[in-house]
Amino acid sequence: MTTPSKAAGIHELDEDARLALFVGEHYERLLGLARLICRDTSDAADAVQLGLEQAWRSRASLRDEERLRPWLDRIVAREAVRVSKRSRSWLSRLLAPTPEVGWIEPADGLAPEPATRAALRAAYQTLSAEQRAVVALHMHSGYSIRQTAAIVGAPEETVRSRLRLAKERLRRELEEEAR
Amino acid sequence: MTTLDDRRLDAEIAAFLASQAADVAGAPTTGEMTERVRRGVRTGLPTLGVGIMRPRAVLVLVLVGLCLLYAMAMIGGGARPPLAGPAGNGWLAIATQPGYRQTFDTDWATGGDIYLAKPGGEPLLIAGRGDDGARNVCPTFSPDGSMLAYGHDSLGASVILLRVAEDGTVQSLRRIPLPMSVIDAPCPRWSDDGRRLAWLDNLRDRNGAPSIDAATVSVVTLDGTPVEWTIGDPTVDELAASGAFDPVRAADGTGPLLSPDGGSRAICDAGWLIVGPADGSADRRVGDLCGYSLAAWSPDGTRILLFHDVGGAFAATLVDPDGVDPPVELGQFPINGARSFPGRGDVSWQSLRP
């Protein structure tokens with residue numbers, strides 16, 4: 001017969017195991033999504049952590065398992081936008097005078113990043129967090145305009161505008177690089 | 001400068017995004033992240049997100065309070081008073097060439113003009129096609145009637161912004177050039193507050209035929225700065241219905257046209273102008289007055305504009321919907337070889353507010 005304390009221990013173990021499975025299943029994908037929205041890996045990790053905490057606490061509210069992926073993406077994408085804006089606020093810059101770490105040269109000197117990739121990276125960093133979010137969700141995660149609008153919580157026309165402006169900026173950089 | 005096509009751009013972006021998403025060196029391992037999440041969930045301590053939410057919650061409450069105060073002021077009459085009185089009729093801006101994309105290439109070569117017209121005077125040419133056959137299309141008065149915008153294409157697309165004086169003289173305010181990727185004169189329309197202009201882009205399919213399937217809305221402020229679409233800006237459907245992309249309606253511009261107050265409707269049937277309540281309950285024949293297009297109601301609802309084909313040109317005629325006053329011809333406007341006539345989306349009636 002299981003004592004209440006032992007039962008509680010088994011329950012906790014199960015809970016921990018379930019959490020580990022949950023994180024293991026989604027972490028890598030969510031980290032990649034957050035990395036595309038945030039400007040660096042540490043912000044992306046923060047956003048994913050906050051998102052996973054929020055998702056785990058409120059997972060009972062998800063009634064349709066089919067919706068798990070867009071539901072998670074929505075939570076993490078919004079968290080990533082918020083974290084990205086927070087890290088760029090004047091207050092955070094005032095309180096955190098350490099300069100942000102820029103792009104690190106690849107270790108393999110024989111395979112430098114293509115010039116076009118470097119140009120895109122530089123241009124991508126100039127996009128707003130909201131623009132990076134719609135680019136990541138639509139062009140990387142494969143969501144439709146409508147789905148992307150639902151995830152970021154904006155009208156479809158706003159999403160189209162953000163995508164168009166983002167692509168125009170990226171196009172300009174690539175065309176400049178090709179000159 | 002090398003010009004990228006859309007497919008190559010998308011491919012470059014997709015490849016970049018894939019590499020960027022994988023650029024997570026230094027991120028916690030899965031196990032480390034699991035532990036972080038577990039600690040956050042178990043302890044229930046306010047995470048960084050919650051800590052920021054507190055002042056944010058206060059800010060939200062303050063904003064909500066301000067909105068409530070503003071709403072109360074509106075209800076109490078303390079806000080900006082609504083426009084007083086019914087709108088008056090100002091100038092009519094008429095384009096001689098349709099604004100929507102067509103499939104006949106020869107139409108583009110003729111170019112198009114924009115005139116201002118009023119009863120009792122001769123039409124004033126304010127935007128001419130010139131020797132290079134420029135296209136001047138889709139004139140549109142701002143909601144307050146003070147400015148006129150139109151699309152222009154002459155070796156490059158742009159939106160032109162004018163100020164129109166009472167006597168019909170115009171002052172050029174701005175020319176907003178569009179990217180080289182835009183291959184035709186845009187058909188601009190105003191935002192509700194008259195502070196932005198919007199038009200449809202990407203109006204061709206892969207074969208170059210007119211298509212609205214992939215259309216997007218471009219929005220700029222009046223100084224030409226591109227901005228994101230927002231509530232109050234025209235939508236794709238609204239722009240398409242306004243004549244920016246509606247070849248069916250423009251070719252058959254005789255369908256129901258509601259009066260500005262929404263209470264009446266006009267329709268052309270077998271050449272007869274028929275007017276009645278908007279619900280169609282009491283239609284009456286006004287006269288055998290219809291031509292090829294039932295173009296517009298006047299802002300004050302007392303006149304209807306009709307276009308007639310007069311052979312090589314079209315005539316613009318004002319008709320009394322009550323059938324009392326005789327029709328008045330505003331003028332005849334040359335087509336110059338174009339194979340299609342302007343229609344409902346190619347005229348804008350200046351609305352004058354006291």
Side-chain angles (χ1 to χ4, degrees), chain A residues 15-16 19-20 22-24 27-29 31-33 35-36 40-42 44-46 48-54 56-57 79 82-83 86 103-104 113 116-117 120-121 124 130 135-136 139-140 154-168 170-171 174-179, chain B residues 1-6 8-10 12-42 44 47-50 52-53 56 179-181 198 201-202 214-219 226-231 233-236:
Chain A
E15 182 82 353
D16 284 350
L19 176 60
F22 181 74
V23 173
Y27 175 50
E28 186 176 329
R29 181 178 61 77
L31 183 63
L33 173 62
R35 181 65 184 90
L36 290 176
D40 57 55
T41 303
S42 64
D46 281 346
V48 172
Q49 178 189 340
L50 293 169
L52 285 172
E53 285 179 22
Q54 186 181 338
W56 187 251
R57 288 194 192 99
E79 207 57 50
R82 196 180 58 76
V83 167
R86 176 201 71 194
W103 179 57
I104 300 172
E113 186 176 68
T116 53
R117 193 65 54 82
L120 267 179
R121 185 188 296 271
Y124 194 74
E130 289 87 350
V135 169
M139 301 190 73
H140 177 72
E156 287 183 37
E157 285 303 331
T158 300
V159 169
R160 285 195 180 93
S161 287
R162 288 176 184 168
L163 269 174
R164 187 177 47 78
L165 289 173
K167 287 176 71 172
E168 279 175 6
L170 297 176
R171 179 197 296 274
L174 282 180
E175 289 175 349
E176 282 290 320
E177 178 57 38
R179 277 198 313 176
Chain B
M1 185 171 64
T2 305
T3 302
L4 271 177
D5 62 47
D6 285 350
R8 190 180 150 209
L9 175 66
D10 285 356
E12 292 280 2
I13 293 175
F16 161 73
L17 291 174
S19 74
Q20 182 82 347
D23 182 20
V24 291
T29 62
T30 301
E32 289 167 350
M33 178 56 69
T34 302
E35 186 55 32
R36 283 165 63 164
V37 174
R38 181 182 296 120
R39 270 204 311 271
V41 171
R42 264 194 188 163
T47 63
L48 185 59
V50 173
I52 286 179
M53 277 171 58
R56 186 194 294 174
M180 291 302 292
S181 57
D201 273 334
N202 300 321
T216 56
V217 180
S218 291
V219 186
V227 293
E228 288 184 358
W229 184 95
T230 188
I231 302 292
D233 292 330
T235 63
V236 170

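Note on naming: letters A, B, ... go to the chains in the order of the sequence lines (proteins, then strands), and numbering restarts at 1 for each one. Computed from a predicted model, the values in this text were never measured in an experiment.
Pairing each heavy atom of Met33(B) with each of Val23(A), the nearest pair is CG-CG1, 4.1 Å. Heavy-atom minimum distance, Arg171(A) versus Leu9(B): NH2-CD2, 3.6 Å. Contact record, Gln20(B) with Arg35(A): O-CG, 3.3 Å, taken as the closest heavy-atom pair. Shown here for Thr41(A) and Ala27(B), the closest heavy-atom pair between the two residues is CG2-CB, 3.4 Å. Across Ala20(A) and Thr34(B), no two heavy atoms sit closer than the pair CA-CG2, 3.7 Å.
For the pair Val236(B)/Glu157(A), a side-chain contact is recorded, criterion being any heavy-atom separation below 4.5 Å from C-beta on.
Neither the backbone nor the side chain of Ala44(A) comes within contact range of chain B; no heavy atom of the residue lies under 4.5 Å from a heavy atom of that chain. Residue Leu165(A) touches chain B through its side chain alone, counting heavy-atom pairs closer than 4.5 Å. Neither the backbone nor the side chain of Asp233(B) has a heavy atom closer than 4.5 Å to any heavy atom of chain A. Using a 4.5 Å cut-off between heavy atoms, Ala215(B) contacts chain A through its backbone alone, with no side-chain atom that close. Both the backbone and the side chain of Ala15(B) come within contact range of chain A, with heavy atoms under 4.5 Å apart.
Within a 6.0 Å sphere centred on CD of Glu35(B), other residues, nucleotides and ligands contribute more than 12 heavy atoms.
How far CD of Glu53(A) is from CZ of Arg39(B): 9.5 Å, rounded to the nearest 0.5 Å. Atom CG of Asp10(B) is separated from atom CE of Met139(A) by 4.0 Å, given to the nearest 0.5 angstrom.
Within the 3.5 Å criterion, the main-chain N or O of Val217(B) finds no donor-acceptor partner in the side chain of Arg160(A). Listed for the Tyr27(A) side chain is a donor-acceptor partner under 3.5 Å among the backbone atoms of Pro28(B).
Partners of Ala166(A) under the side-chain contact (heavy atoms from CB on, under 4.5 Å) rule, at least two apart in sequence or in another chain, are Leu127(A), Gln131(A), Val135(A).
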| request: Show your reasoning for whether side-chain contact (heavy atoms from CB on, under 4.5 Å) applies to Arg121(A) and Asp23(B). | output: CA-CA 12 Å; Arg121(A) 185 188 296 271; Asp23(B) 182 20; 3.4 Å; yes
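Per-residue counts of heavy-atom pairs under 4.5 Å with chain B were compared for Ser42(A), Ala136(A), Ser161(A); the largest is that of Ser161(A).
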